[in-house]
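Remember, it's 1-based here, ligands and their atoms both numbered in the order they're listed. Counting from 1, the numbers follow the sequence of the chain as shown.
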Amino acid sequence: MFKLSKKVQALPPYLFLEIDKAKRKARAEGRDIIDLGVGDPDQPTPKFIIDALSKAAQDPANHRYALDQGMPVLRNAISGWYKRRFNVNLNPDTEILPLIGSKEGIAHFPLAFLNPGDLSLVPDPCYPPYKGGTILAGGKPHLMPLLESNAFLPDLNKIPFMARKKAKIIFVNYPNNPTNACAGDDFYKRLIEFAAKNKIIIISDLAYSEMAYDGYKPRSLLEFPGARDITIEFHSLSKTFNMTGWRIGWASGNPQLIGALAKVKSNIDSGIFSAIQLAGVAALDGPQDYLKSMCRLYQERRDILCEGLAALGWKAVKPKATFYVWIKIPPKESSIDFAGRLLKDADIVATPGVGFGKYGEGYIRMALTVPKERIEEALERIEKIA
Ligand SMILES: *Cc1c(COP(=O)(O)O)cnc(C)c1O
């Protein structure tokens, strides 16, 4: 009866629907499903963070509307964390904006800078809100294929002249979901030069900055000369502290970009529950050995899964960061069919690559979000159907 807006009609279809339905059906039938599909930590939030929330929740001062720009104590904690982690000084008043999870900030940001007909340069495959946020703002995504032949980095030289001229924003996400690729300094330097020359804003999604292995430490784009004039970086407590359900993250970077996002948001939401902000302070200021043990846990699972898959002849590179394994599948089958068959024959859920965009076709993604015993069980099941 009612006609959807053109913007909503233009949103990409939700390709995980079929898999979701099949997964629910299999569970309802009582089958023992191993779910490697969702990028959501299986471990609980650390106790010291929950304790901080419990305490803060008791204080009536925290029950009222929070400040739109976040509590000063949280912005100071973020600034301190940034200094310790990246040796970057950020002004907590103008260069940091707490968010209700980084997803909302990423999705709302294009509203501040896109006009009809403007483009965003969007990697493909990618985290879906880059495309969704662009379309809802009236812009159009211009896809930058992430190909194995270019280490899953966008080839900036291949962006056509008119796309460069019409683009207002470029999205990058390293360590990357879903391909687990990491960006080197040389790529970041080329990116900054490209964006500055073409007057394009860089959105850098750093959700996985703390989930890295073998001594690798992902860098912030804000460490690089010239970046601070043109970059907004998105961070999240979700993956770092097993807090996906809590909804807390932040943006940091250029004051004009931060201010514009704050202006958009002041018309949409009314800040993060103050008790959650105080729990966020506890997380950022908390004991750092927690992060080491988290990375050790995923690293052990990574080694079991990747070495097991390699022994079965599958093509999966061991990730240096993130909790995703990006697996090349034989070309004779689509990623949706391949994932469907894994579920039907082995009761294993994996995400078809095409769900992240057309250049994700030919791959499936597995998340290291089940205990190692379950990963071993998954390998045994795969061996049986192979
Ligand atoms: C999980 C994830 C996020 C984090 O989202 P929140 O809204 O902070 O929970 C952001 N970017 C990517 C690429 C992710 O995978």
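A cation-pi contact, defined as under 6.0 Å to the ring centre and within 45° of the axis, is absent between Arg190 and Phe187. Cation-pi check for Arg219 over Tyr188 is not met; the charged atom does not lie both under 6.0 angstrom from the ring centroid and within 45 degrees of its normal.
Protein heavy atom at the shortest distance from atom 9 (O) of ligand 1 is Ser238 OG, 2.6 Å. Regarding atom 8 (O) of ligand 1, its nearest protein heavy-atom neighbour is Ser236 OG, 2.6 Å. Here the protein heavy atom with the shortest distance to atom 12 (C) of ligand 1 is Asp205 OD2, 3.4 Å.
At a heavy-atom cutoff of 4.0 Å, ligand 1 is contacted by the side chain of Asn173 but not by its backbone. With a 4.0 Å heavy-atom cut-off, ligand 1 is reached by the side chain of Tyr208 but not by its N, CA, C or O. Of the heavy atoms in Ser102, both backbone and side-chain atoms come closer than 4.0 Å to ligand 1. With a 4.0 Å heavy-atom cut-off, ligand 1 is reached by the side chain of Arg247 but not by its N, CA, C or O.
To the nearest 0.5 Å, atoms CD (Gln299) and SG (Cys306) are separated by 11.0 Å.
Tyr174 and Phe152 have their aromatic ring centers separated by at least 6.0 angstrom.
Here is the list of ligand 1 atoms found below 4.0 Å of a heavy atom in Gly101: 7 (O), 8 (O).
Distances from atom 14 (C) of ligand 1 to the heavy atoms of His235, Lys239, Lys103 show the closest one on Lys239.
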Tell me which donor-acceptor pairs under 3.5 Å the side chains of residues 135-148 have, and how far apart each pair is, sequence neighbours excluded?
| from | atom 1 | to | atom 2 | distance (Å) |
| --- | --- | --- | --- | --- |
| Glu148 | OE1 | Lys328 | NZ | 3.0 |
| Glu148 | OE1 | Tyr363 | OH | 3.0 |

Check against salt bridge (charged side-chain N to carboxylate O under 4.0 Å, His left out), Arg247 and Glu104: CA-CA 9 Å; Arg247 312 313 304 135; Glu104 64 96 350; over 6 Å; no
Walk me through whether Glu377 and Arg381 qualify under salt bridge (charged side-chain N to carboxylate O under 4.0 Å, His left out). CA-CA 6 Å; Glu377 164 79 26; Arg381 292 185 193 177; 2.8 Å; yes
